[in-house]
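Written out below as structure tokens is the structure these notes cover.
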Amino acid sequence: MIGFGALNLDKIYRVDKIPAADEEGFVRDIQLFPGGSAANTIVGLSRLKVRSAYIGKIGDDVEGKILLEDLEKEGVDTKAVIKADGRSGTAIIFVDDLGNRAILVDPGVNDTIRYEEIDLNFVKSHSLIHLTSFICKNGFESFKSQKKIVGEFELVSFDPGMPYAERGNEIIPILKKTTIFLPNKIEIEKIFNMDYMSAAEECISLGIEVVAVKLGEKGCWIKSKSKEIFIPPFSVRVVDTTGAGDAFNAGFLYGYINGKDIEKCGKIGNYVASLCIQQIGARAGLPRSVPIDF
Ligand SMILES: Nc1ncnc2c1ncn2[C@@H]1O[C@H](COP(=O)(O)OP(=O)(O)OP(=O)(O)O)[C@@H](O)[C@H]1O
Ligand SMILES: [Mg+2]
């Protein structure tokens, strides 16, 4: 399994207040969370002992070093992570005592992955590629590379996130090559401009094998050519939903890779997501095994 998406370091600053222009605030504490949607999913799969690798780009800075070392620590092969001059992707997140947030995103070198830079021989030693969005604020190279690379794989999974949902028709070339489509309800409805069940029909007619629509606290709904089914969520105490969708993807893909039927895949997706949301951050709750009776 190989992921292809942005690599970001989230820097969470706990502050006494979020200053307006010309004001001053004070930092109480800083926490670093390696992230990037596809990277979170790949870490989830690697923890579940799936052979995993990543296509991404980091800059020649401390943040890049942290991102790379973190993937390696998680057992993800980083041979296809490209090192470039410039800044790594970061998100600077300010959280005040009342829980208000202000976020500044620096895409850094994320948007600049040229197709020629990707080690195709290595990449193609993986049978499934998982794609998530790039912000495309610093160019379209990475997005273009994704549109091209899907032609090299039999199995493609794709979570568009809001950045690609907003690109609408531009993502059709990826959708046409997608095997497993993993949007949330808002995203699929935005892309097709219709309710999610009708949109999923459209997906099937584009040639997509399975559509899993994430419904937040309502669980998920899954459709294939021959089946459609709602799968209720696990009832848990929610602490932080950051990365819930990425965790769901890890569980769903783990089921798929292991030959489970789509209902079981959805159940494992809900299960892994339910563990994620009981802890702070996108990765802390990702499990190292799933119960065998799934
Ligand atoms: N309150 C909840 N209780 C139980 N499970 C939940 C809850 N919220 C989310 N989940 C689980 O997490 C999965 C993914 O959540 P969601 O639908 O919010 O995805 P998303 O919008 O793509 O998330 P993300 O913001 O991480 O991209 C759901 O399908 C469900 O299994
Ligand atoms: Mg999502």
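Remember, it's a predicted structure, so these values are computed and weren't measured experimentally. In each ligand, atom 1 is the first atom listed, and ligand 1 is the first ligand listed. The basis for the numbers below is simple: all heavy atoms, side chains too, and nothing from hydrogens, waters or symmetry mates.
- Between the side chains of Asp246 and Asn40, at least one donor-acceptor pair of N or O atoms lies under 3.5 Å.
- Some N or O of Gly216 is nearer than 3.5 Å to an N or O of ligand 1, by distance alone.
- Residue Lys49 qualifies as enclosed at atom NZ: its count of foreign heavy atoms under 6.0 Å is above 12.
- Close approach of ligand 1 to Gly243 is summarised as follows: ligand atoms under 4.0 Å from at least one heavy atom of the residue are 26 (O).
- Polar contact with ligand 1: absent for Gly269 (N/O pair, distance under 3.5 Å).
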Practice item. Applying side chain to side chain contact (heavy atoms under 4.5 Å, CB included), run through Arg167 and Phe143 and close with a yes or a no. Key: CA-CA 11 Å; Arg167 305 206 88 83; Phe143 182 36; 3.9 Å; yes
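- Contact annotation: for Asn270 versus ligand 1, heavy atoms closer than 4.0 Å belong to both the backbone and the side chain.
- In this pair, Trp221 and Tyr196 present their aromatic rings perpendicular. The plane angle is above 60°, beyond the 30 to 60° band.
- Other residues sharing the hydrophobic cluster of Ile280, ordered by chain and number and joined by side-chain separations under 4.5 Å: Ile12, Phe33, Ile93, Val95, Ile103, Val105, Ile135, Val239.
- Counting atoms of ligand 1 from 1 in the listed order, those under 4.0 Å from a heavy atom of Pro233 are 4 (C), 5 (N).
- If you look at Leu215 next to ligand 1, the close heavy atoms, those under 4.0 Å, all belong to the backbone.
- For atom 16 (P) of ligand 1, the protein comes within 4.0 Å by at least one heavy atom.
- Taken together through direct or relayed side-chain contacts under 4.5 Å among Ile, Leu, Val, Met, Phe, Trp and Tyr, Ile229 and Ile208 form parts of separate hydrophobic clusters.
- Ligand 1 has no nitrogen or oxygen under 3.5 angstrom from a nitrogen or oxygen of Asp246.
- Protein heavy atom nearest atom 3 (N) of ligand 1, with residue, atom name and distance: Ile277 CD1, 3.8 Å.
- The protein non-hydrogen atom at the shortest distance from atom 26 (O) of ligand 1 is Gly245 N, 2.9 Å.
- Identified under the side chain to side chain donor-acceptor pair (under 3.5 Å) test for residues 231-245, with sequence neighbours left out: Asp240-Thr242.
- Ring pair Phe94/Tyr13 is tilted by interplanar angle, where 30° to 60° counts as tilted.
- To the nearest 0.5 Å, atoms CD1 (Ile180) and OG (Ser224) are separated by 12.0 Å.
- With hydrogens and angles ignored, the 3.5 Å screen pairs no side-chain donor or acceptor of Ser133 with any backbone N or O of Gly161.
- With a 4.0 Å cut-off on non-hydrogen atoms, Ala244 touches ligand 1 through its backbone as well as its side chain.
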**Study point:** Criterion side chain to side chain donor-acceptor pair (under 3.5 Å) on Tyr164 and Gln146, from CA distance to verdict
**Key:** CA-CA 12 Å; Tyr164 281 3; Gln146 287 181 318; 2.6 Å; yes
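- Close approach to Ala273 involves these atoms of ligand 1, each under 4.0 Å from a residue heavy atom: 11 (C), 12 (O), 13 (C), 31 (O).
- Of the protein's non-hydrogen atoms, Asn184 ND2, 3.8 Å is the one closest to atom 20 (P) of ligand 1.
- Note: no N/O pair closer than 3.5 Å links Asp159 and ligand 1 by distance alone.
- Every atom of ligand 1 is numbered from 1 in the order shown, and the set under 4.0 Å from a heavy atom of Glu217 is 1 (N), 2 (C), 7 (C), 8 (N).
- The shortest N or O to N or O distance between Gly219 and ligand 1 is below 3.5 Å.
- Within the 4.0 Å heavy-atom shell around ligand 1 one does not find Ser274.
- The shortest contact between atom 4 (C) of ligand 1 and any protein heavy atom is with Phe234 O, 3.2 Å.
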